[in-house]
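Everything numeric in this text was worked out from a predicted model, so none of it was measured. Hydrogens, waters and symmetry mates play no part in the numbers below; they use all other heavy atoms, side chains included. Protein chains get the first letters and strands the later ones, always in sequence-line order, with residue 1 at the start of each.
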4 protein chains.
Amino acid sequence: MKKIIGVIGASICKKEVYEIAEKVGSLLAKNDAVLITGGLTGVMEAASKGAYTEGGITVGILPGNDKTDANPYVLIPLVTGIGEARNALIAKMCDALIAIGGEYGTLSEIALGLKMGKKVIGLLTWDIPGIIKAKDPQDAVNEALK
Amino acid sequence: MKKIIGVIGASICKKEVYEIAEKVGSLLAKNDAVLITGGLTGVMEAASKGAYTEGGITVGILPGNDKTDANPYVLIPLVTGIGEARNALIAKMCDALIAIGGEYGTLSEIALGLKMGKKVIGLLTWDIPGIIKAKDPQDAVNEALK
Amino acid sequence: MKKIIGVIGASICKKEVYEIAEKVGSLLAKNDAVLITGGLTGVMEAASKGAYTEGGITVGILPGNDKTDANPYVLIPLVTGIGEARNALIAKMCDALIAIGGEYGTLSEIALGLKMGKKVIGLLTWDIPGIIKAKDPQDAVNEALK
Amino acid sequence: MKKIIGVIGASICKKEVYEIAEKVGSLLAKNDAVLITGGLTGVMEAASKGAYTEGGITVGILPGNDKTDANPYVLIPLVTGIGEARNALIAKMCDALIAIGGEYGTLSEIALGLKMGKKVIGLLTWDIPGIIKAKDPQDAVNEALK
């Protein structure tokens, strides 16, 4: 059974963060993991781009009702129509979460993941006890797939 | 963008219904659609088996917390932990729904799908106004992908 | 612990149906039950009006994000922001459901209620096996509170 | 229309935190606000106790399927069956949130509340930018009802 890994982060991000997320997505696909993101822009797009370009399966769990909201690197856009509550689904669906940068939405996913007992790995993100800090994309992916 | 089609039906079903669902899944995969089911046994398994065997992408939206609840033909098992409320997600996520046989859970997905304005196609299922009755798997799949 | 009874029905209804729903709400409040509805117009409003006028507690589980969407007889308007998925919450939250008239949304709540093993009582509604048919509001309320 | 205020915090808490939460609940009821909590023990119980004792309306949004999970001070126990995803509902339903103490679940509600643009007031809780720090229960309630 394939590993299902979530990459969580904000819809707007700096170039540095985008590149890290893209690298994480690429490494996940190379390791045959399914990538789950929130399906939108920023970190979600970057991770999806990295994985998609590598031939990986990318799933976007969208807050709205329209699958064309998904970025172009989402192979399977799944609309939920439940708004921010979809963050709880993302946390639940994944075997492990990699948080990259991020605002309040990402913080909610980190907290929900930790509450659910999921492994949460962080790169340049919120400093919350329980997050495993990774030093780079390779380290984050290694930890997520361990 | 790939079509996303849901096959809905009960977790226990007769052989005749199982075979119809398997054929529907197979035809969906041949037409490059993504299959969504509830991920469990019966009609959900049969459709997944048909699509998976044909090399298709099969997604299971599971009610519980454990991805090993999924039948072996689900490529991407997505746990939700929200119980029967996941039926609303299934209806929402799909471009069209094909109902095959089915009990109350299926009826809820039919009703939610119709409420959401989705096309709902029926094979040997509940007789509810608004369902498009198909005469066989090919007819159902043609209608779903139209 | 107070009984929690849901009254489900469409947002547009005939005068006859409105009056029946209002009577049901009134009788529920007289019997000290908490009323849950979808919080909007039609049957939801009528039942809320009947209960509220009688001094009962009326809860509206709203699909959107704005509590002013609730009809004026909802004492506790609870926004969910999850759209039609709130129908699954309504079915789950209630000890028993009384369906009055109704379209697809009501049918989804009936089906979810029956799937969850809840008692579902019907007045001029969908003809689905498992619904207990009531002959009038008093009969429906008696059955719901039994 | 009554104000709907959420008090969020952990199911296990110290006596000091319990007393603060009870005082907050009491003050909310005196100001005719509806109290929403997660319905369980600890801070949720304390706030409910304070409000209930004062004659206030207390709603518990429970993660499970059994309304007897609610603490005895919940007037309206609403089961959701959606697990941790109910945290998103709590954040959504409230006009403002008061966080008292708290673990990961509380953090998720803080983050979701801030993401949704809700006012989040803190007493002895997580130090997250955007939270309005209150100096005591009265200050917290004043801020929540402003």
Side-chain angles (χ1 to χ4, degrees), chain A residues 6 8-13 36 38-44 61-64 78 80-97 99-122 125-132, chain D residues 6 8-13 36 38-44 61-64 78 80-97 99-122 125-132:
Chain A
I8 56 180
S11 58
I12 299 173
C13 69
I36 291 193
L40 301 175
T41 54
V43 164
M44 301 173 263
I61 306 296
L62 294 156
L78 299 177
T80 65
I82 63 171
E84 299 87 352
R86 74 86 149 79
N87 291 8
L89 287 180
I90 292 174
K92 179 69 79 178
M93 288 171 171
C94 297
D95 297 314
L97 297 165
I100 306 174
E103 301 290 338
Y104 292 134
T106 308
L107 179 59
S108 75
E109 292 164 321
I110 290 170
L112 287 161
L114 291 169
K115 171 76 176 169
M116 294 170 186
K118 304 291 173 94
K119 188 185 281 191
V120 180
I121 298 136
T125 190
W126 292 87
D127 186 17
I128 302 295
I131 293 181
I132 299 166
Chain D
I8 56 179
S11 59
I12 298 173
C13 69
I36 291 192
L40 301 176
T41 55
V43 164
M44 299 173 262
I61 307 296
L62 295 156
L78 299 178
T80 65
I82 63 171
E84 299 88 351
R86 74 87 148 80
N87 292 8
L89 287 180
I90 292 175
K92 179 68 78 177
M93 289 171 170
C94 297
D95 297 315
L97 297 165
I100 307 174
E103 302 289 338
Y104 292 134
T106 308
L107 179 59
S108 75
E109 292 164 322
I110 290 170
L112 287 161
L114 291 169
K115 172 75 177 169
M116 293 169 187
K118 304 290 172 96
K119 189 186 282 192
V120 179
I121 299 135
T125 191
W126 293 87
D127 186 18
I128 301 294
I131 293 181
I132 298 166

Partner of A/L97 by side-chain contact (heavy atoms from CB on, under 4.5 Å), out of A/L114, A/I36, A/V120: A/V120

Contact origin within A/A111 toward chain D - heavy atom pairs under 4.5 Å: both

Would you find a donor on one side and an acceptor on the other, under 3.5 Å apart, between the side chain of [X] and the backbone of [Y]?
X: A/T80; Y: A/L62; answer: yes
X: D/K119; Y: D/D95; answer: no
X: A/T41; Y: A/S11; answer: yes

Heavy-atom pairs under 4.5 Å with chain A, option from D/P129, D/A91, D/G113 with the top count: D/P129

Pairs of heavy atoms under 4.5 Å with chain A: top-ranked of D/N87, D/I128, D/L89: D/I128

Shortest non-hydrogen contact from D/M93 toward D/K118: N-NZ, 4.3 Å

Least distance between heavy atoms, D/P63 atom then D/G38 atom: CD-O, 4.2 Å

Contact residues of residues 101-108 of chain A (partner chain D; heavy-atom separation under 4.5 angstrom): A/Y104, A/G105, A/L107, A/S108

Residue pair D/V43, D/I8: steps toward the side chain to side chain contact (heavy atoms under 4.5 Å, CB included) verdict: CA-CA 7 Å; D/V43 164; D/I8 56 179; over 6 Å; no

